[in-house]
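A short write-up of the structure that comes next.
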Amino acid sequence: MLQHHFFNMGQQLEASVLGMWVFLVTEVMFFGGLFMAYILYRSMYPDAWLAGSHELNEMLGGINTVVLIFSSLTMALAVRAAQVGSWMGQVVNLILTIIFGTIFLVVKYFEYAAKFEHHLVPGPYFDPARDPAQQLYFSLYFMMTGIHALHMVVGIVLMLIILRMAWKGRFSAEYYGPVEVSGLYWHFVDIVWIFLFPLLYLIGKHH
Amino acid sequence: MQSSFPLFPEAASSIASDVDLLYFFILAVSSFFAILVSAAVVYFAIKYRRRHPDEVGHDIHGSIVLELVWTVIPFVLAMVMFFWGADLYFRLARPPADSMEVFVVGKQWMWKVQHPEGVREINELHVPINRNVRITLGSEDVLHDYYIPAFRVKMDAVPGKLTTMWFKATKAGTYHIFCAEYCGTQHSGMIGQVIAMEEHDYEAWLAGGRTTGTAVENGERLFTQLACITCHKTDTSGRGPLLAGVFGSTVQLMDGRKVVADENYLRESIMNPQAKIVLGYQPIMPTFQGTVSEENLLQLIAYIKTLKAPAAAPAAGAPAAAGQPGRQ
Amino acid sequence: MTHAGNNSGSYLDAPHGIASWLLTKDHKRIAILYLISITVFFMIGGLFAAGIRAELLTPAGDLFTADLYNKVFTLHGVVMIFFFLIPSIPATLGNFLVPIMCGAKDLAFPRINLLSWYLYLIGAMLTLGAVFMGGVDTGWTFYTPYSSMASNTNVTLAALGVFIAGFSSILTGFNFIVTVHRMRAPGLTWFRMPLFLWAMYATSLVMILGTPVVAITILLVGAERALGFAIFDPRVGGDPVLFQHLFWFYSHPAVYIMILPGMGVISELVAAVSRKQIFGYSVVAYSSLAIAIIGFLVWGHHMFVSSQSIYAGLVFSIITMIVAVPSAVKTFNWAATMYKGSITWESPTYWVIGFIGLFLVGGLTGLFLGAMGLDVHLHDTYFVVAHFHYIMVGGGVMGFLGGIHFWWPKMTGRTYPETAGKIAAILVFVGFNLTFFPQFVVGYLGMPRRYHAYPEEFQILNVMSTGGATVLGIGYLLIVTYLVASLFKPRNASANPWGATGLEWDIPSPPITLNFETEPIVTEDAYNYIGRAQKAREN
Amino acid sequence: MSHISSKGLYYTIFGTLIAMTVVTVAIARIDLGALNTPVALAIAAFKATLVILFFMGVKYNTPLTKVVAASGFLWLIILFGITMGDYLTRAWIGFPGR
Ligand code: HEA
Ligand code: HEA
Ligand code: CUA
Ligand SMILES: [Cu+2]
């Protein structure tokens, strides 16, 4: 398990955890560019944001938020199971995590389909009756949720790999780095959604 | 014009020699440091050249005093450069109130100029010397940049908004205009000339130019042609707000924000009317994006700017003009 | 080719075969892979530069069409920046030296290191693909709305290439940070680290914090073009200037990705050629971090005439002036290190002196640009072109070449002909100045950059520039020639040909696959020339 | 890193996160004037902090990890703060495009 260039397991685990954190910092900045555009345009076109947000399905967004929180819990429990060396705990929680992630994507698919039907996809087919500035809103909506969904896909693939390793009993109280590190990634993707949900779905719901 | 091998640009505006002065100051500081350090390095390299293969240098680790000295001195000099540069920049950014106004629109790949008197020209700009000239810049397509090296002025033309620059020519002559922001194939062909003339020559030139009415007259005509007038009547009975006095006022928007109605606000109100809805009105104004060219837009704005608030202005403290919910 | 028996464990020899190279996880082999690839891209970028200079020999745009010229300078900029200079020192010398200087057997994530090289290659291939499918003409800055709406060239493909190359750069930075934090040998405290490590660490910070922002920005431009999205589109109320903010948020700090490694190399070289402790070691170390961090606050100095608020301009201008100070401090410390040194006149010294002189001019002309009122006149003229070539070619490339000359014996086990090295350094220095000094003059005269044709009165200066570029090109060709030729000679380099300190000089040239037979233990500060000499005398 | 949190802690955090989600949705229906967005963001930030501290275990991690985790957000503030600083001061001078 110890790779040739590390001197001991502790060094290896510390290096991979630190590595994941450093990587997550780059992820924060990556989404940061989108949030920057969001902040600017929302401050310039509050009405367009209001109108755009009204087209989103708050219910589906809310369900997805809950689904992701569930998946974060099972992820945390999977890491814990690895730490205490429980094979059953790892496998069950990882499977649950993957299921929740998949539910999220399925819901997302239905949301996107509705947007296509209602001519809310920016570009030539965008509903001409709408204020053009709403194209900014929907462009950002699709970029932000789309890139987030892409991260979910990557996360699910990652989880499948980890599941396979866990299934084979590769992890133990001494060696659980990969579970922990992919868990960090999974939680990060959840955090992004925690911000996206109110910022995209919950604008001016009291109107 | 210029000699065939110039090494320094002509200084033909009121600000040019001030810019040059700062240039020479930084040049002097830079030359000092560049020569000092290079000379030191070369001198040390020769003086302390290695004499036997096993020789090592002296045991010197550093000196706090020296570190402080060469931190503080560059810092102070850099601050001088900053304040000096900032002062110049502020002067370049603020057109004097008495400036005559010229509209310039950049378009792939030409400059269209419109004088207040209505004379138009392409890729040329005739200006009188010793008068402040304020240029309002627009762009029809991509970024461009109006650059007159002899005047040391430059400003981007940004699609979607208006920008400003100004200068006062001091020497009659013909100078280059360059497009300094990359804008596609003919970027290097988007050039022209400023012709700075004595005041009376300029008047003569203006009189000889063909015009289709002043900018304001054209704006007024467009205002009718485009049927703005159907909603923006000369009293408050229209479906749109009364435009008299709007320029420079503070407008109350439906979403609670307040904005000052400057040129860019007027521009946006016409091209993207939904972006800011005046309090008390419906978002019914159609967009004129695509219908109104950037030049016509400048004319409309020039016209709206001349519409002064009605004589019976409300007394101080009284609510805004009757029927004008959005106006303050 | 003969293989000296005592080097049988060298990383170059075992295992054999192309596959063992293409699938290697050894940081030293990856460094070599990178070295080969960036050299190829430097040549390609240089060919484009030759095209630019040939066109500008005459005022009329007679050699190329305007369209072609625009593609040539765009690709020159894109290739040189993203595929040559940004990876140059970090991915070659950095990859090779960071683990060794740390006393580690490899980088923390060898597989990711290899991945980063493949990402680089994929990005490079996509960009080259864009070249073969007709090129791109946006300038390396990809300004909207030209790039998103007006240009009818292969922007999307090139942008994708840059996007992917960005990830390669992120992964390199990420690897270095973890390595420096977690893999240092016992006894190697932060303030015993060679300054090259400090510089690589600071560079990596910029890579991981800045690169993602430009990646997403480029992706947005791609989405506008490919999917019809609207982010910067002024017709629906988008702001093209927002693109500039996002772009320069990365691309100004990126200029420090390009120069900090060079500064790190020069710090090593100055100490080694003077056989002396660096003057003000900790100040030089901290100034790298200061540059990396403060460098993030100045990006708007590229936007003084972009219609950004003048108050924002004020803030950017003052911080620009402040960030110049740590560079100044470094320069003075290098000069002071040479005072009372024992200075050799071997070829690395030539590069050191060349670097300091040219970097000085480049950096100082940055001050002209940072002074807002003056930048109004200078922005987007050849003055800017001259400024950044002085730093990037005079500083960055000189630093890179200096480092290559210095560590070449270590990397390949071969020495190169000293005289040729000196002649090349002089040719490059002279040719460089002849190329770019006239551009300051023509820039202050007002010649805008990215111009395919220009007014006649600028011709003489442009002819000088083209002449200089020829000399410069010959200089570079000479270097490539003798370095490549040296590879066909037997390995003759000793472990420590310069008599320098540093962990890399304590191991054989070329090093063995896992660098160290036993884990090294560090007991002394970096550049302990005097201590070592004393010990040698005692024995 | 070798720290192992109890399952109970995870369930508590989970419960809080769900509750906070309900609160956000509920509060969005109340008109708080200009405060709606800040409140929504504050709740989101609170939720994110919980995830970072407990699910991701930063609370029990080395100071270095804490610094790294914080630096991402610090740099975001730089990006947002300075850029918006430009846009918010644009109208001050009163000449378009300056
Ligand atoms: C490696 C690359 C690199 C580096 C290190 C720098 C370093 C600096 N740059 Fe440069 N720059 C570029 C690459 C680089 N630049 C590029 C590529 C562009 C153009 C991009 C494009 O538009 O395509 C550009 C453009 C550019 C502009 C915008 C010009 C314009 O388009 O209008 C400005 C403006 O402020 C600027 C300033 C500076 C400053 C102040 C420094 C400072 O960091 C320099 C500090 C160094 C010194 C000052 C020298 C040493 C000091 C002394 C010996 C002591 C004396 C010092 C004092 C008195 C303070 N640069
Ligand atoms: C690392 C970065 C880097 C490097 C090394 C260089 C190297 C050179 N650059 Fe480059 N340059 C940029 C980065 C760089 N440049 C950037 C970012 C721009 C802005 C682009 C934009 O506006 O978007 C630019 C723009 C630019 C311009 C301005 C174009 C314009 O605005 O219209 C010019 C003009 O002279 C120029 C010249 C040169 C020259 C002569 C070299 C020389 O140093 C190159 C010498 C090298 C060789 C010549 C190669 C070696 C020899 C061979 C491969 C053999 C074949 C050669 C011959 C037969 C001659 N460059
Ligand atoms: Cu218009 Cu360049
Ligand atoms: Cu910069």
Side-chain angles (χ1 to χ4, degrees), chain B residues 2 4-7 9 19 22-23 26 30 33-34 37-38 40-41 44-45 48-50 55-62 67 70-71 74-75 78 81-82 85-86 88-89 92-93 141-143 149 152 154-156 158-160 163 176 178 180-188 272 275 289, chain C residues 66-67 139 143 145-146 150 234-235 237 240 274-277 279-280 283 305-307 310 314 317-318 321 324-325 328-329 331-332 335 338-345 353 356-357 360-361 364 367-368 371-374 376-377 379-380 441 445-446 448 450-453 457 460 529-530 533:
Chain B
Q2 295 239 332
S4 64
F5 183 33
L7 291 172
V19 174
L22 174 58
Y23 177 70
I26 304 185
S30 298
F33 280 109
V37 179
S38 319
V41 165
F44 293 158
Y48 303 112
R49 67 188 173 278
R50 188 173 299 164
E55 192 185 66
V56 291
H58 281 68
D59 193 4
I60 306 173
H61 281 256
E67 300 291 349
W70 61 47
T71 306
F75 177 76
M81 293 172 196
F82 162 70
L88 261 181
Y89 186 72
L92 282 159
D141 34 47
V142 296
L143 295 169
R152 315 283 190 273
K154 165 184 296 140
M155 187 68 206
D156 274 10
V158 182
T163 57
H176 289 297
F178 294 126
E181 187 63 67
Y182 178 67
C183 55
T185 312
Q186 284 303 329
H187 166 59
S188 62
N272 193 0
Q289 183 95 49
Chain C
D67 246 337
Y143 271 16
Y146 184 73
R235 288 171 311 184
S274 320
R275 293 242 177 102
K276 199 164 150 291
Q277 159 75 33
F279 192 91
V283 180
V305 298
S306 70
S307 81
I310 57 173
L314 275 185
S317 175
I318 194 167
M321 291 302 179
V325 174
V329 169
T331 317
F332 293 128
M338 295 174 74
Y339 174 70
K340 293 205 171 173
S342 159
I343 296 162
T344 170
W345 274 91
I353 296 179
I356 294 180
L360 268 172
V361 177
L364 289 164
L367 301 172
F368 291 70
M372 322 161 79
L374 195 48
V376 170
H377 176 54
H379 172 72
D380 270 352
V441 180
L445 277 167
R450 301 172 170 175
Y451 260 35
H452 158 243
E457 70 258 28
I460 298 179
Y529 286 95
I530 290 151

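The figures here come from the full heavy-atom set of this structure, side chains too, leaving out hydrogens, waters and symmetry mates. Per chain, numbering begins at 1; letters A, B, ... match sequence-line order. All of these numbers come straight from a predicted model, not from anything done at the bench.
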Return the option, out of [options], with the maximum number of heavy-atom pairs under 4.5 Å with chain B.
{"options": "Ile318(C), Ile460(C), Leu374(C)", "value": "Ile318(C)"}
{"options": "Met372(C), Lys340(C), Lys276(C), Met338(C)", "value": "Lys340(C)"}
{"options": "Ile343(C), Ile310(C), Val329(C)", "value": "Ile343(C)"}
{"options": "Ala328(C), Ser306(C), Gly357(C), Ala324(C)", "value": "Ser306(C)"}
{"options": "Val441(C), Val325(C), Thr344(C)", "value": "Thr344(C)"}

Stepwise side chain to side chain contact (heavy atoms under 4.5 Å, CB included) check, Glu457(C) with His176(B): CA-CA 12 Å; Glu457(C) 70 258 28; His176(B) 289 297; 2.9 Å; yes
Aromatic ring pairing Trp70(B)/Phe279(C), orientation class (parallel under 30°, perpendicular over 60°, tilted between): tilted
Could you look at [X] and say if it's the side chain, the backbone, both or neither that has a heavy atom under 4.5 Å from chain B?
{"X": "Pro145(C)", "result": "both"}
{"X": "Ala335(C)", "result": "both"}
{"X": "Ser274(C)", "result": "backbone"}
{"X": "Val283(C)", "result": "side chain"}
{"X": "Tyr143(C)", "result": "side chain"}

Report which part of [X] has an atom under 4.5 Å of a heavy atom belonging to chain C: side chain, backbone, both, or neither.
{"X": "Glu55(B)", "value": "both"}
{"X": "Val19(B)", "value": "both"}
{"X": "Asn272(B)", "value": "side chain"}
{"X": "Leu92(B)", "value": "side chain"}

Top of Ala275(B), Gly160(B), Ala40(B), Pro159(B) for chain C proximity - count of heavy-atom pairs under 4.5 angstrom: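 Option with the greatest count: Pro159(B).
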Pick from Met81(B), Gln186(B), Glu181(B), Glu67(B) with the largest number of heavy-atom pairs that fall under 4.5 Å of chain C: Glu67(B)
Test side chain to side chain contact (heavy atoms under 4.5 Å, CB included) applied to Trp345(C) and Arg50(B), step by step: CA-CA 8 Å; Trp345(C) 274 91; Arg50(B) 188 173 299 164; over 6 Å; no
Working for side chain to side chain contact (heavy atoms under 4.5 Å, CB included), residues Ser307(C) and Asp156(B): CA-CA 7 Å; Ser307(C) 81; Asp156(B) 274 10; 5.7 Å; no
Do [X] and [Y] have side-chain heavy atoms sitting under 4.5 Å apart?
{"X": "Ser38(B)", "Y": "Ile356(C)", "answer": "no"}
{"X": "Leu314(C)", "Y": "Phe82(B)", "answer": "yes"}
{"X": "Tyr182(B)", "Y": "Tyr451(C)", "answer": "no"}
{"X": "Arg450(C)", "Y": "Ser188(B)", "answer": "no"}

Donor + acceptor pair across side chains of Asp67(C), Thr185(B) (<3.5 Å): yes
Atom pair CG (Leu367(C)) and CD1 (Ile26(B)), whose distance is rounded to the nearest 0.5 Å: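 Going from CG on Leu367(C) over to CD1 on Ile26(B), the span is 6.5 Å.
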If I compare all heavy atoms of [X] with all of [Y], which pair ends up nearest, and what's the gap?
{"X": "Pro74(B)", "Y": "Phe332(C)", "result": "CG-CE1, 3.9 Å"}
{"X": "Leu445(C)", "Y": "Pro9(B)", "result": "CD2-N, 3.4 Å"}
{"X": "Ala150(C)", "Y": "Val142(B)", "result": "CB-CG1, 3.6 Å"}

Residue pair Phe368(C), Ser30(B): steps toward the side chain to side chain contact (heavy atoms under 4.5 Å, CB included) verdict: CA-CA 9 Å; Phe368(C) 291 70; Ser30(B) 298; 3.4 Å; yes
Set of side chain to side chain donor-acceptor pair (under 3.5 Å) partners for His58(B), sequence neighbours left out: none
